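One structure coming up, written as structure tokens, with questions to follow.
Note that the structure is a prediction, hence the values are computed from the model and not measured.
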Amino acid sequence: MIRVIQWATGGVGRAAIEGILDHPELELAGAWVHSADKDGMDLGELVGRPPVGVRATTDADRLLATPADCVLYSPFLADTETVRAILRSGKNIVTPLGWFHPRPAERQRYDELCRAAGVTLHGTGIHPGGITEKIPLVVSALSGRITAVRAEEFSDIRTYGAPEVVRDWMLFGATPEQAATSVMADVLAGGYGQSVRMIAEALGIVLDEQVRVTHETAVATAPIDSPIGPIAPGRVAAQRFRWQGTVGGAPVITAAVNWFMGTENLDPPWTFGPAGERYEVEIVGDPGATVTFTGMHAHSAAAGLVRNPGIVATAMHCVNSIPYVVAAPPGVRTYLELPLVAGRAAASLRGAACDASAAAEPGAARRTSPR
């Protein structure tokens, strides 16, 4: 079995704990938590399940000394010193917070660290991640003479169960002038910019040096109920971000998000259109293709605050990548260097022989001795 530590237990972290517990090749070895009220909690009870005999801790040094093969690292923001300490402790890392496709100088630094420790670092997730990188590359294989790629998210942000992030970081409910100072474009550019550059590298496109970033807002025209309280008229209730790789100043590769507090009472009158909440991947080529993903958004704002399918998908892409990352050679490994990652069947569909053979699955025998 591959022993896994979960680092942080927000929305992604809790979903990841469930995924680790259900995965036939993984064993939950521990979890780091930020808040003192979670310190010592049984991780099964923390996610609403029966006790599993593994407890959360706020003691990072204790976790770094815990025998484990991999850390699923998912706090709100990455701390590079913590990431480096985890790697130096001899543990692989899977994370949705970056390292999708680092710039050469950054990659070299982490490659050297990983090789010295005999471990692998892999960035994955959903958006940025699978929808902005892996899926466009897969679909692009059906086309020739490609001239543009787009990966775009359309989401009702009322389903995102982190009100402090929505209010204090995304600056929903602020004035347009205040929202224009948001750090979100820069914070997210590290991930989406890497997505843009990965697509370009794989397709053989030579981009202009800088990724273009645009940020638009729409304001409420009437009070809008939201998880951060009523949004008053004139305050920001919808935002659009775009990260674009250009050639000669013309956009060629686009990663974009559309985050709205619903689609009523907005100025400009933005909507998601008849397709509703979704993820889209578009390839412009010969032939072109557009792929729409649904099912990863909640049916209602209330349901999304209880269990957000997009958050779960982010966690599961990380969880399902762990066996393949543990099996990979030491260093930074991107989608371009890993085999196809697959999920695992529900326990009700797995026979005893299947579970017994889990150790033979990708990654289970490569580097799994306790450290």
Side-chain angles (χ1 to χ4, degrees), residues 8-15 34-35 48 74-77 96 125-128 131 152-188 191-192 213-243 255-280 293-315:
T9 57
V12 171
R14 291 192 300 274
H34 173 73
S35 58
S74 64
F76 176 59
L77 291 174
I126 178 174
H127 201 281
I131 299 293
E152 189 159 6
E153 174 185 352
F154 300 82
S155 294
D156 189 331
I157 206 67
R158 293 177 300 178
T159 66
Y160 185 50
E164 67 284 354
V165 175
V166 174
R167 180 184 59 248
D168 301 332
W169 290 83
M170 296 181 176
L171 296 184
F172 278 90
T175 66
E177 293 75 19
Q178 290 169 329
T181 69
S182 170
V183 299
M184 289 304 295
D186 291 333
V187 168
L188 296 173
Y192 287 105
V213 183
T214 61
H215 177 207
E216 302 172 87
T217 60
V219 299
T221 59
I224 296 175
D225 289 333
S226 81
I228 61 172
I231 295 180
R235 298 295 180 126
V236 171
Q239 302 191 56
R240 286 174 168 165
F241 292 91
R242 272 176 168 67
W243 295 267
V257 297
N258 301 266
W259 292 332
F260 301 173
M261 288 288 185
T263 57
E264 297 181 357
N265 302 317
L266 296 179
D267 179 25
W270 294 345
T271 71
F272 293 138
E277 292 184 86
R278 65 198 183 278
Y279 296 90
E280 283 185 355
F293 294 83
T294 60
M296 288 186 283
H297 291 87
H299 296 299
S300 68
L305 293 174
V306 175
R307 186 175 178 81
N308 187 313
I311 297 296
V312 176
T314 299

Q. So do Val165 and Phe76 actually touch side chain to side chain, heavy atoms under 4.5 Å?
A.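 Yes. Closest side-chain heavy atoms under 4.5 Å.
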Q: Tell me, please, which residues at least two apart from Tyr279 pass side chain to side chain donor-acceptor pair (under 3.5 Å).
A: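 Once residues adjacent in sequence are excluded, Tyr279 has no partner under the side chain to side chain donor-acceptor pair (under 3.5 Å) criterion.
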Q) Within 45° of the six-membered ring axis of Trp270 and under 6.0 Å from that ring's centre, is NZ or CZ of Arg240 located there? A)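 Verdict for Trp270: a cation-pi partner in Arg240.
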Q.
Given Arg235, which partner from the list Thr175, Thr217, Val219 fulfils the side-chain contact (heavy atoms from CB on, under 4.5 Å) test?
A.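 Passing option: Thr175.
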**Q.** ring-ring contact (aromatic ring centres under 6.0 Å, His included) against His34, all qualifying residues, sequence neighbours excluded
**A.**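 His34: no ring-ring contact (aromatic ring centres under 6.0 Å, His included) contacts found.
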Q: May I ask you to decide whether Glu153 forms a salt bridge with Arg278, counting only side-chain N to carboxylate O separations under 4.0 Å?
A: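 No, Glu153 and Arg278 are not salt-bridged.
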**Q.** Residues Tyr192, His127; criterion side-chain contact (heavy atoms from CB on, under 4.5 Å); working and verdict
**A.** CA-CA 8 Å; Tyr192 287 105; His127 201 281; 2.9 Å; yes
(Q) If the condition is side chain to side chain donor-acceptor pair (under 3.5 Å), which residues does Arg167 pass it with, not counting sequence neighbours? (A)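 Scan of Arg167 (side chain to side chain donor-acceptor pair (under 3.5 Å), adjacent residues dropped) gives none.
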Q. Is a side-chain donor-acceptor pair under 3.5 Å present for Asp267 with Thr221?
A.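 No, no side-chain donor-acceptor contact under 3.5 Å.
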Q: For the residue pair Trp169 and Leu77, establish whether any side-chain heavy-atom pair is separated by less than 4.5 Å.
A: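 With C-beta onward as the side chain, the pair touches.
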Q) What's the verdict on side-chain contact (heavy atoms from CB on, under 4.5 Å) for Glu152 and Arg242, showing C-alpha distance, side-chain angles and the deciding distance? A) CA-CA 9 Å; Glu152 189 159 6; Arg242 272 176 168 67; 2.7 Å; yes
Q: Anything under 30° is parallel, anything over 60° is perpendicular, the rest tilted; go ahead and classify Phe154 against Phe272.
A: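 Phe154 vs Phe272 ring planes: perpendicular.
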Q: Can you see which heavy atom on Pro227 is nearest to which on Pro163, and at what distance?
A: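 So the minimum-distance heavy-atom pair works out to O-CB, 4.1 Å.
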